[in-house]
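Each chain gets a letter, A, B and so on, in the order its sequence line appears, and its residues count up from 1. All values derive from a computational prediction rather than experimental measurement.
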Protein chains: 2
Amino acid sequence: MPRTSTKAAAPIRRLASDYRLEEQVGFLLRRAYQRASSNLVERIGSYDLTAPQYATLARLYERGALSQNLLGRLVAMEPANIRDVVLRLKKRRLVATRRDPTDKRLILIDLTATGATLVEQLIPIEIACTATTLAPLRADQRRLLYDLLSRLADG
Amino acid sequence: MPRTSTKAAAPIRRLASDYRLEEQVGFLLRRAYQRASSNLVERIGSYDLTAPQYATLARLYERGALSQNLLGRLVAMEPANIRDVVLRLKKRRLVATRRDPTDKRLILIDLTATGATLVEQLIPIEIACTATTLAPLRADQRRLLYDLLSRLADG
DNA sequence: CCGATATTGTTATGATCATAACGATATCGA
DNA sequence: TCGATATCGTTATGATCATAACAATATCGG
């Protein structure tokens, strides 16, 4: 096995040598999300679903039919993004779309029977997956994390 | 102004009606990262840099020349991803590449003088940006968040 | 020394993401 | 009523992301 390349760089003097990327919360958040997302894909990947796709299905399951735009806001996706996700789910017959008769701008999205059945299979898997992601924390720390993250997410 | 579409769906009975997407930590992490990332782009967007690009430059600033692969691991990016980021930074002459003479597999990446100067301008901006992201939290809560996120990120 | 194994980097594919510009539709206000 | 304004969805562009397959190179073990 070749050695892992940890070739030390020449010690260059830097003006802000006490700066550490690890202390930037955005970097930490990105890595923690990577971990959570890969945990999920590991478990539901056999269904060929990604985390955003699962979130979309779960939201529809919670709320019933929604306009594409509102659905996007409820899963934190821009109009251009939720559009693509809906197209993929629609291609697989997990959701169905129809025009809103009273507001011709809207496209209403809802789960198909197939989609609803799938979500019901996935929900317990996702709950177990969340437990895996949170495994390094105690119960009280998990509650605390939820509170802190919610406040960051909502600004 | 047209009303915001909050058209209530027909109240459909769901098997797991107590499930809430908000309680899934991956969803929270994704939204929190979105916030942090958009805070950063808001401040450094005028430099035409994204958060991953900034992280890459900052890491090189901290560590000096690194192989492309190791650089990728240190910014949590897959080989295929760090490659593209390096290409964009190289095109803008913010980094330079050269072959490692002793290991012909490696591509060594380092900041150019221009890149180093840019990082030195960006670091204080990024620190201020982190403060903005963390504004909803008290100092003790910020320390706690770092500890909890680090443990999640490292598994 | 030399074949098995590991690492590095590339290519290809497909899914997120954000942003800006745009037409169609809906609502508001004078 | 009707023009100004807002919302919805689409299109286009470009940057992340993950994964798998692959060639080139390096290292290890016998």
Nearest-angstrom distance from the residue atom CG of Leu29(A) to P of dC17(D) = 13 Å

Counting any heavy atom closer than 4.0 Å, what does Val85(A) reach on the DNA or RNA strands: base, sugar-phosphate only, or nothing?
-> sugar-phosphate

Rounded distance in Å - CG (Leu94(A)) to P (dA15(C)) = 13 Å

Picking from dT8(C), dT25(C), dT19(C), the nucleotide nearest the side-chain atoms of Leu106(B) would be dT8(C)

Rounded to the nearest Å, what distance is computed from the CZ atom of residue Arg31(A) to the P atom of nucleotide dT16(D)?
-> 18 Å

For the side chain of Asn69(B), starting at C-beta, report the closest nucleotide among dT16(C), dG9(C), dT10(D).
-> dG9(C)

Distance test, side-chain N/O of Gln34(A) to OP1/OP2 of dA18(D), below 4.0 Å | yes

Side-chain N or O of Gln68(B) less than 4.0 angstrom from OP1 or OP2 on dT10(C)?
-> yes

Listed nucleotide nearest any side-chain atom of Gln53(A), set dT25(C), dT16(C), dT16(D) | dT16(C)

Close side-chain approach of Val85(A) to Met77(A), heavy-atom, < 4.5 Å = yes

Whole-Å distance, Ile107(B) CD1 to dA24(D) P, equals 15 Å

Given dA18(C), is OP1 or OP2 found less than 4.0 Å from the side-chain N or O atoms of Tyr33(B)?
-> no

Just checking, any donor-acceptor pair under 3.5 angstrom between side chains of Glu22(B) and Tyr146(A)?
-> no

Is any side-chain nitrogen or oxygen of Arg105(A) closer than 4.0 Å to OP1 or OP2 of dT27(C)?
-> no

So what does Asn81(A) hit on the nucleic acid, given a heavy-atom distance under 4.0 Å: a base, only sugar-phosphate, or nothing?
-> base

In terms of the nearest nucleotide of DNA chain C, which residue is placed more toward the 5' end: Lys104(A) or Asp84(A)?
-> Asp84(A)

Heavy atoms under 4.0 Å, any strand shown: does Ala80(A) hit a base, just sugar-phosphate, or nothing?
-> base

Mind jotting down which residue pairs meet the side chain to side chain donor-acceptor pair (under 3.5 Å) criterion with at least one end in residues 76-89 of chain A? Sequence neighbours excluded, please.
-> none

To the nearest Å, how far apart are Glu78(A) CD and dA21(C) P?
-> 15 Å

Write down the distance between CG (Asp48(A)) and C1' (dA20(D)), rounded to a whole number of angstrom.
-> 14 Å

Contact under 4.0 Å: Arg83(B) side-chain N or O vs dT10(C) OP1/OP2 | yes

Does a side chain donor of either Arg43(B) or Thr132(B) reach within less than 3.5 Å of an acceptor in the other side chain?
-> yes

Contact class for Arg30(B) vs. all strands (heavy atom < 4.0 Å): base, sugar-phosphate, or nothing?
-> sugar-phosphate

To the nearest angstrom, how far is Ile82(A) atom CD1 from dC17(C) atom P?
-> 10 Å

Is the closest side-chain heavy-atom distance between Val41(A) and Tyr47(A) below 4.5 Å?
-> no

Sugar-phosphate only, base, or nothing, as touched by Pro79(A) at under 4.0 Å among non-hydrogen atoms | base

Starting at CG of Leu49(B) and ending at P of dG14(D), how long is that distance when rounded to a whole Å?
-> 17 Å

Identify whether the distance between the nearest side-chain nitrogen and carboxylate oxygen of Arg143(B) and Asp147(B) falls below 4.0 Å.
-> no

Report yes if a side-chain nitrogen or oxygen of Arg73(B) is closer than 4.0 Å to either non-bridging phosphate oxygen (OP1 or OP2) of dT7(C); otherwise report no.
-> no

